[in-house]
Amino acid sequence: RGALAQRLAQVYEQTQRILAEFIPSHVSLEKTFVGENIQSAFRLGEARGAILVAAAQAGVPVHEYSPAEIKVAVVGQGRATKDQMQTMVARLLVLRGPLASDAADALGAAICHLHTHSFAAQVDEQLRGRARG
């Protein structure tokens, strides 16, 4: 595991490698939710910071969504359970076999961004069409 600074450096470096290899046009993250364990929230915030810096240095825009926004985009309701998220992500992406909760959350953030970004692009197109017409 190592010291916190070393672990954060690993998160940053791995994020840099992923961004360089896959060249994404956007990064989507779940906004930090502070539950009962404040120390876990701090650690999560620190890891998110490493990811945010790596994305910023790579010039990749970051979009953040609340857990409820992600659940609505994936399941259709903001209070969906972890099981519902895992099931719907697997169905939407036509995945076979069990999907880990963390993987479903990460893929859910990406699905949420795709839905949100696609909808916003359609609205912009409609507005531009009206302005021309």
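From a predicted model like this one, the values you see are computed outputs, not experimental measurements.
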Trainee: Let me have the donor-acceptor pairs involving side chains of residues 45-60, under 3.5 Å, with sequence neighbours excluded, atom names and distances please.
Mentor:
from	atom 1	to	atom 2	distance (Å)
E46	OE1	R43	NE	2.7
E46	OE1	R43	NH2	3.3
E46	OE2	R43	NH2	3.1
R48	NE	T32	OG1	2.8
R48	NH1	E30	O	2.7
R48	NH2	E64	OE1	2.1
Q57	OE1	Y12	OH	2.1

Trainee: Before you tell me yes or no, could you show the steps for H117 and H63 under side chain to side chain contact (heavy atoms under 4.5 Å, CB included), namely the whole-Å CA-CA distance, both residues' side-chain angles and the distance that decides it to 0.1 Å?
Mentor: CA-CA 10 Å; H117 185 71; H63 306 273; 5.6 Å; no
Trainee: Using the test side chain to side chain contact (heavy atoms under 4.5 Å, CB included), find all partners of A73 that sit at least two apart in sequence or belong to another chain.
Mentor: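 Counting only residues at least two positions away or on another chain, A73 forms a side chain to side chain contact (heavy atoms under 4.5 Å, CB included) with C112, H115.
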Trainee: Count I, L, V, M, F, W, Y as connected when their side-chain heavy atoms are under 4.5 Å apart, and connections chain through other members. Are V75 and I70 then in the same cluster?
Mentor: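 Cluster IDs for V75 and I70 match.
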Trainee: Could you give the side-chain donor-acceptor pairs of residues 87-111 under 3.5 Å, partners two or more places apart or in another chain?
Mentor:
from	atom 1	to	atom 2	distance (Å)
T87	OG1	D83	O	2.9
D105	OD2	K82	NZ	3.1

Trainee: What closest approach, in Å, do K71 and A80 show between heavy atoms, and which atom pair accounts for it?
Mentor: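 Minimum heavy-atom separation between K71 and A80: NZ-O, 3.2 Å.
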Trainee: Under a 3.5 Å threshold, yes or no: a donor from one side chain and an acceptor from the other, between R7 and Q10?
Mentor: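 No, no side-chain donor-acceptor pair sits under 3.5 Å.
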